[in-house]
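Per chain, numbering begins at 1; letters A, B, ... match sequence-line order.
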Amino acid sequence: MHYNFKKIEEKWQKKWQASHAFRSQADPTRKKYYLLEMFPYPSGKIHMGHVRNYTIGDVASRFKMLQGYNVMHPMGFDAFGQPAENAAIKNKTKPDTWTHKCIKEMETELKRMGFSYDWEREVSTCDSDYYKWNQWIFLKMFERSLAYKKASAVNWCASCQTTLANEEVVDGGCWRCHTQVEQKDLEQWYLKITEYRERLLDDLSRLKEWPQRVLAMQNNWIGKSSGVDIYFHLKDSDKVIPVFTTRVDTIFGATYIVLAPEHPLVKELIKGKPQEKQALEFIDKVAKESKVVRASSDIKKEGVFTGSFAINPVNNEEVPIWIADYVLMEYGTGAIMAVPTHDQRDFLFAKEHGLPMRVVIQPKGSGLKAEDLTQAYEGDGIQVNSGEFDGLSNQEAKTKIAGWMEQKGIGKIQTHWRLRDWLISRQRYWGTPIPIIYCPKCGIVPVPYKDLPVELPKDAPFTGEGGSPLGKVKKFVEVKCPKCKGASRRETDTMATFFDSSWYFLRFCSPKFNDAPFDTQEAKYWMTVDQYIGGIEHAILHLLYSRFFTKFFQDLGMVAFPEPFQRLLTQGMVLKDGEVMSKSKGNIVDPDSMTKDYGADALRLFILFAAPPETELEWDNRGLEGAFKFLNRVWRIQDNLKDKADAQVITALHKTTKKVTQDYGEFKFNTAIASLMELTNAIYQSGADKEVFSRLVITLSPIAPHFCEELWEILGNKESIFKASWPGYDPKLLVEENVELAIQVNGKVRAKIEVPRDIPDDKLKELVLKDEKLAPWLEGKPLKKFIVVPQKLINIVI
RNA sequence: GCGGAGGUGGCGGAAUGGCAGACGCGCUGGUCUCAGAAGCCAGUGUCGCAAGACAUGAGGGUUCAACUCCCUCCCUCCGCACCA
């Protein structure tokens, strides 16, 4: 017979709810711990990824609780977004109705897992008392010119019928539906995240408890590169083409320059030249290629001559101006100087089109000749053919040439960034309305703060055709201008949902606060988030935006810290048969059905035991059964308690307590569980008393909370186990009187010996050398060394 | 190409200079039972009857001692990328 998990889990879930067991309140006399897991999109059902994410968080949270911290562990819903609209169209319902139904269902499933959330702090981003503050933040940004509107080529997903931020384009496709993204010219709202790029980059160094790879990805994404803008004058006019380079040391080897086909000067350069027709054809061809195709054609470098020339400002040489597909308009200045001898791409292009080459960097101890090169030399060396800079090391020359060019006004030290401003307009209904009014007289007018929230009309028509439903709601669109009271039109785009999630961790500090997005006093106590847990897929998007918002609040004087998340854990994915679980693959394991068969505690135990939190986890039904078996094994201990446990078991208990305490703190739950299993095995060998069993139950409780509450009660305790305190361990009890040492001869184990723990080395040596098992190995050979590693092993070198 | 994480039994994984494979799954045997299930006990890296030999992606090195440190290389996954 197994323990009655169904009854026990329901019982304790009810008790926790009734007693507000996980309610959290600011208390300056206690040390706080803010534990947060990335809140879910309310699809209606939780999946194994959620279970894993939230179980890791729950164990950490309950462990901190037992250690006496004032823990805040909130949960909410990232409730705006497209799936609600799609569901509304499909099921002929409203996004609002559908979302709230899903939230209810998901709450139920989360509660069934026994997670220790403070539900009184719950927020849903689709409620107007949440999104009102999105609008408030937007207006604050607008006042500071951090929110602005501009016309530009934007990423457009034809399937989702909306624009996308750069961060939302993955491999040239929409992050949601993978449809190839098109470029479209539109006027859209942006947030000036680029104004924070320097701080976003520099402060990465503060994030010492973030995974390296997340830091690396953000660093990559922000993409700072330092170099020099060099001004090339056109030969036949006074126009200037700036080119950007990080290798200014190679400027004397620049034998031609290349523009991106989209470069604004190109049309002028080719006008009336014999090459005009050919060039236009080429530009047209490149324009038709998608970004993906253009990036993938990495062998052949195609291009045409414009017929025009420019002047290299360092030596007044005439250099031809080419157009090529390998130069990108969106990076640097959209134009490069080409140094075929010292850049592989330029080398290939120059070979292809017979362009001149000149060596300007000579590697130490060799004599490179341009005509002998089979590839570009991109390493360090000594400057040659570089005028007054000859003989310098190229690294030294880099600084000197840059300074010299600035002085002569022919170049400027420049930094280029990959990060672009954040496009937040979405042509969708189910999101936060952008609080802007367009007045024919006054232009762009922000909605006054007193008029917030701009509520989403609940009765928008959902047909799935003809653009955003918001545009069809007359009473929403047609408004009076707040300034001149004239007839005006309301913005019908909504905000990207990543806006909503960029500050929810602050809202949790004071979820019902009415005067601002959050109560600065509450935030002062609770923030920063001590531990944040979520999927690696948010390494850039959500985590970058949240960092940006936090810095903005810092500038508003609302928070005093630059970074929101102290420590970050990115949990690995849950796989089935080596693949990500997905509907299309039909390999989904539903957590809810697993809890029905084995209970939430067994599911929690298995998911933590099967792999360390950061690595991928292969789902294994038999592993889950094993976890259930272990719980039953622990359950049966209560039937055979004796009056006093053996010294052996006491030692095992203290060892386990030490190990579990350490491992929980470091999120090594798999080895913590292994240690608890070892203790259980030891108890099966020689029995436990009530004290030993009680401590086992407490140390297991963060992982299997319902199960342990029940045993705790059976053991005669009146209060919840989570009111108990975390057991310590006695270092004196960790060591046994006798220890077994391995005896190695030349590094190979040949015998074992049991000796008193503090035997002196000379006694030990005497004892060991007498050991008859070693005789065959030692016979007649002189002893060179006798190494003792205390309480572990002995190595005899002969 | 740049950056990050990895490569250990049949499987998930443990060990961060000190007895490789903890713990679990699976498998084998025993016990209990009329029988089965569950439970409990024992065994289980490979080769070998054994003594023993060989084993942590490959090869080299440092060390009394290397999964762990150093060098050379291979492979897998992830992010960025004709980034000038």
Trainee: Please give me the minimum heavy-atom distance between A:V755 and A:L767, naming the atom from each residue.
Mentor: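 Looks like CG1-CD2, 3.8 Å.
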
Trainee: When all nucleic acid strands are considered with a 4.0 Å heavy-atom cut-off, which category describes A:N795: base, sugar-phosphate, or nothing?
Mentor: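 It contacts base atoms.
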
Trainee: Could you tell me the separation between the CD atom of A:E618 and the P atom of B:G10, rounded to a whole number of Å?
Mentor: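 Checked: the CD to P distance equals 18 Å.
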
Trainee: NA contact type, A:K752, heavy-atom cut-off 4.0 Å: base, sugar-phosphate, or nothing?
Mentor: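 Base, at least one base atom sits under 4.0 Å.
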
Trainee: What's the CG-C1' distance between A:L259 and B:C82, to the nearest Å?
Mentor: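 Spelled out: CG on A:L259 to C1' on B:C82 is 16 Å.
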
Trainee: Do A:N587 and A:E579 pair up side chain to side chain, a donor and an acceptor below 3.5 Å, judged on atom types alone?
Mentor: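 Per modelled atom types, A:N587 and A:E579 side chains form no pair under 3.5 Å.
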
Trainee: Does a side-chain heavy-atom distance below 4.5 Å link A:L419 with A:N166?
Mentor: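 A side-chain contact under 4.5 Å is absent here.
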
Trainee: Given atom CH2 of A:W210 and atom P of B:A5, what is their separation to the nearest angstrom?
Mentor: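 Checked: the CH2 to P distance equals 17 Å.
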
Trainee: Does a side chain donor of either A:Q395 or A:D380 reach within less than 3.5 Å of an acceptor in the other side chain?
Mentor: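 Yes, A:D380 and A:Q395 have a side-chain donor paired with an acceptor closer than 3.5 Å.
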
Trainee: Would you mind classifying the nucleic acid contact of A:V749 as base, sugar-phosphate or nothing, using non-hydrogen atoms under 4.0 angstrom?
Mentor: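 Contact class for A:V749: sugar-phosphate only.
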
Trainee: Counting the atoms with a prime plus P, OP1 and OP2 as sugar-phosphate, which does A:P612 contact under 4.0 Å by heavy atoms, base, sugar-phosphate, or nothing?
Mentor: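 Contact class for A:P612: sugar-phosphate only.
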
Trainee: How is A:N219 classified with respect to the nucleic acid when contacts are heavy atoms under 4.0 Å: base, sugar-phosphate, or nothing?
Mentor: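 Contact class for A:N219: none.
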
Trainee: In this structure, how many angstroms lie between the C1' atom of B:A84 and the CE atom of A:M337, rounded?
Mentor: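 One finds 8 Å between C1' of B:A84 and CE of A:M337, rounded.
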
